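Keep in mind that what you see is a predicted model, and the values were worked out from it rather than measured.
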Amino acid sequence: MKTRFAPSPSGHLHVGGARTALFNFAFARRMGGRFILRIEDTDQKRSSDAASLGFLKDLAWLGILWDEGPEFAEGAIACGGGDAAPYFQSQRRETYDALLDRLLAEGKAYRAFDTPEELEAQRRRAAEEKRAFRYQRTTIDPATEARLLAEGRPHVLRLVVPQEPVTIVDAVLGEATIPAGEIDDFVLRKADGFPTYHFAVVVDDELMGVTHVLRAQEHFNNTARHMLIQDALGFRRPTYAHLSIIFNPDGSKMSKRDKDRTLRARVRDLGLDAPPPATVGAARFAAWLADANIQLELEEATRLAAALDVSLPEINVDDFRRSGYLPEVLVNFLALNGWSPGNDLEKFDLAFLCEHFSLERVLRTPAKFDRAKLLAFNIDAINALPRGEFVERARLHGTAFHPEFMERLTPAQFELLMNASHGRSRTLDEPFRGNRWLVTDDDALRWESSKPVRKAMTGASPNGVDHLRGVRPVLEALETWDVPAIETAVTGYAKDHAGEQVGKVAQPLRIAVTGGTVSPPIHDTLALLGKTAVLRRIARALDHGWEQS
RNA sequence: GGCCCCAUCGUCUAGUCUGGUCCAGGACACGGCCCUUUCAAGGCUGUAACACGGGUUCGAAUCCCGUUGGGGUCACCA
């Protein structure tokens, strides 16, 4: 028994694709079979080696390792290889051509010389007449064909499709019959010599021994085509199972374009007609803004989002990784969209899924991707992590995405930061994103001007500034600079001068040393920064004009 | 528009095959209360759904038909 995941490598692995991979993987494990990864890169324009590698990394990060497929090694992980290599369709052209020749010889396929323009015109006419477009087979006499071939005229290969109804048997959706005439003579090989998706998929699934195909529901109608090819070639029929599609909360299809949509909306809100400096070129920006079909590259989109101060929706597995989600949480949550083990159980890991996954419990209805629930799962999982493991995971995350922290913080500081952050961080990214003040030079710190800040610092005496002035010598006099010592000093000061209301002192201190109203508990914050920086920042804060800020 | 698929709280879902134990269970979100030096986190608690209309049956969320709504697909993209 064998399953497979067969992505086309454009961009990054999207969460919908990740779920498909997950189910195929879990199903193979459950049945004691094998899981194949195959890269469907038959579209030369859209495929790239970089994207392929990204897909492999994303899958491996989730713990979805393939028994057969491209060879991959990273750290302690190594997987891939196999007898049916190569696993990149672009390297399997001779295989497809040999089979295509056979079909041609048997009269089950034929050459078609229509130009894209001609077909487009026919399609337009069909649309005008409000009827579905179906390709009309034209017979061409051998002499003419020989002449066209001799001229080197571009042509495609099409399948001779019998005019009969086709009944699809699907393990999750049941049976569906496509009436005769619904399917026309579709293309098997493109003019550039590459096979179409339909042909390559069927051939490879047969040759690689795939017995079960779990894929997105958008392929449901294609299944009839694939069955027709199998019949023409005399291939076996795998079991099909079509998975519902994952949607955005608003019901739109979750797609990579959502990033562009978010950015365009933001640009419109701001009334921008030129790109912010160092994001994208002016011409590129104008073209992108004018044409909703143009997508920015991920790097461009990221730069623009940073400049416009918006957060891009997480769509790809890599986005969630960057945002600080735990891979086991994503796996758990993805599985819950379209599958459930029953009995009100919803927290489980990959091993559990591999042990219990079944097609019978796959839902037919599409799910909307609820980031709030994903976040809630992430919070629970992070809180349940042993302290040491949280710190270790944060270290890995920081190394990958926040090198500035790793460079500036001593190991002791890093340890302190993460100890203070565990239990109050919802993602692995929050300790970094929320504590920029730690990697800012003392003299470069800027204070945010906002109502809560003014409220904490100004007002009737003794106000925040007064307390700052009062607590500074107390801190300066400390000989040991650690959390207990600071705690004693600050609470002692509050007891004598602020009616035991620690917050009256803590908040001004927090603002003075971090620039804002949010940071880890005040003793941790001060300990983290070190005595010199704290005193320096308080001194600067005392010179700041709080009234007019 | 043709063809195909789907339909339980706002969302993810349990329950549907094998009708009664369901005036529908869990989780997230939301509201309230508590805790609190900020932001979080945490504790307690509340509101909330069988799309609609017909059947079948002693009895329907569960079976049948229709309506409505949603989705997929109609490429030399996958």
Side-chain angles (χ1 to χ4, degrees), chain A residues 6-8 10 40-43 45-47 112 114-116 119-120 123 126-127 129-135 154-158 168 170 173-174 176-179 181-184 186-192 194 196-198 200-201 216-224 242 244-245 247 249 251 253 333 336-347 360 363-377 379-380 382-383 421-426 430 434 452 456 490-491 494 498 501-507 509-511 514 516-523 525:
Chain A
S8 60
S10 54
E40 311 223 324
D41 54 350
T42 53
D43 185 347
K45 292 180 288 292
R46 294 211 268 173
S47 303
D114 316 79
T115 65
L119 293 173
E120 189 43 45
R123 238 173 240 122
E129 292 167 19
K130 282 183 183 283
R131 58 181 170 79
F133 170 73
R134 294 281 124 74
Y135 179 79
H155 61 276
V156 301
L157 255 36
R158 287 179 183 266
I168 302 170
D170 185 287
L173 294 174
T177 300
I178 311 293
E182 270 300 307
I183 300 170
D184 59 11
F186 57 93
V187 175
L188 300 175
R189 187 174 68 194
K190 301 178 261 187
D192 65 6
F194 278 81
T196 58
Y197 157 73
H198 303 297
V201 139
Q217 230 170 73
E218 63 200 60
H219 289 299
F220 188 75
N221 292 276
N222 289 335
T223 306
H242 288 91
S244 62
I245 296 171
F247 291 100
K253 192 171 164 183
F333 188 71
L336 235 31
N337 278 254
W339 184 82
S340 90
N343 294 116
D344 294 335
L345 179 67
E346 56 175 8
K347 297 275 179 71
E360 292 75 47
L363 271 299
R364 290 172 289 279
T365 53
K368 289 175 186 160
F369 195 84
D370 184 358
R371 287 187 182 75
K373 185 159 180 170
L374 172 66
L375 217 213
F377 273 40
I379 292 168
D380 289 347
I382 281 186
N383 285 343
S421 298
H422 190 213
R424 51 191 303 286
S425 301
R426 305 179 304 171
E430 277 187 357
V490 172
T491 49
Q501 288 179 280
V502 181
K504 292 277 185 220
V505 185
Q507 208 51 356
L509 270 173
R510 188 187 321 274
I511 292 166
T514 72
T517 56
V518 178
S519 85
I522 195 63
H523 322 111
T525 298

Tell which nucleotide pairs with [N], taking only Watson-Crick or G-U wobble pairs whose two distances are both under 3.5 angstrom.
{"N": "B/C63", "answer": "B/G55"}
{"N": "B/U68", "answer": "B/A7"}
{"N": "B/A75", "answer": "none"}
{"N": "B/A48", "answer": "none"}
{"N": "B/G42", "answer": "B/C34"}

Sugar-phosphate only, base, or nothing, as touched by [X] at under 4.0 Å among non-hydrogen atoms:
{"X": "A/A191", "value": "base"}
{"X": "A/P154", "value": "nothing"}
{"X": "A/L375", "value": "nothing"}
{"X": "A/E346", "value": "base"}
{"X": "A/P520", "value": "base"}
{"X": "A/V187", "value": "sugar-phosphate"}
{"X": "A/I511", "value": "nothing"}
{"X": "A/H523", "value": "base"}
{"X": "A/E182", "value": "base"}
{"X": "A/S425", "value": "nothing"}
{"X": "A/T42", "value": "sugar-phosphate"}
{"X": "A/G174", "value": "nothing"}
{"X": "A/D114", "value": "base"}
{"X": "A/H242", "value": "nothing"}

In whole Å, what separates the [atom1] atom of [N] from that of [M]?
{"N": "B/G70", "M": "B/C34", "atom1": "P", "value": "44 Å"}
{"N": "B/U18", "M": "B/C77", "atom1": "C1'", "value": "44 Å"}
{"N": "B/G10", "M": "B/U73", "atom1": "P", "value": "28 Å"}
{"N": "B/A49", "M": "B/A61", "atom1": "P", "value": "15 Å"}
{"N": "B/G31", "M": "B/A41", "atom1": "P", "value": "13 Å"}
{"N": "B/G20", "M": "B/C35", "atom1": "P", "value": "47 Å"}
{"N": "B/C4", "M": "B/C9", "atom1": "P", "value": "27 Å"}
{"N": "B/C58", "M": "B/C52", "atom1": "C1'", "value": "26 Å"}

> Who are the side-chain contact (heavy atoms from CB on, under 4.5 Å) partners of A/K347, not counting sequence neighbours?
Replying inline: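 Expected list: A/N332, A/F377, A/D380.
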> Who pairs with A/Q217 by side-chain contact (heavy atoms from CB on, under 4.5 Å), at least two apart in sequence or on another chain?
Replying inline: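 Partners of A/Q217 under the side-chain contact (heavy atoms from CB on, under 4.5 Å) test: A/L173, A/H242, A/S244, A/I245.
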Once salt bridge (Lys or Arg N to Asp or Glu O under 4.0 Å) is applied, do any residues pair with [X], and if so which ones, sequence neighbours excluded?
{"X": "A/R426", "result": "A/E430"}
{"X": "A/D192", "result": "none"}
{"X": "A/R134", "result": "A/E182"}

>> Quick check on RNA chain B: between A/D370 and A/T196, whose nearest nucleotide comes earlier from the 5' end?
In response: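 Per heavy-atom nearest nucleotide, the more 5' residue is A/D370.
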> A/N337 or A/S519: which one's nearest nucleotide on RNA chain B is closer to the 5' end?
Replying inline: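 The residue mapped nearer the 5' terminus is A/N337.
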> If you look at every heavy atom in A/E40 and A/S8, which pair is closest and at what distance?
Replying inline: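 Nearest heavy atoms, A/E40 then A/S8: O-CB, 3.2 Å.
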>> I need the minimum non-hydrogen distance between A/R510 and A/S519, along with the two atoms involved.
In response: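 So the two residues come closest at NH1-OG, 2.9 Å.
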>> Do A/R158 and A/Y135 form a cation-pi contact, if we require the NZ or CZ to be under 6.0 Å from the six-membered ring centre and within 45 degrees of the ring's axis?
In response: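 Satisfied, under 6.0 Å and within 45°.
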>> For a 4.0 angstrom threshold against heavy atoms of chain A, report the outermost contacting nucleotides of RNA chain B in 5' to 3' order.
In response: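 For RNA chain B, the relevant span reads B/G1 to B/A78.
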> Do the non-hydrogen side-chain atoms of A/L375 and A/R371 ever get within less than 4.5 Å of each other?
Replying inline: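 Sidechains of A/R371 and A/L375: no contact.
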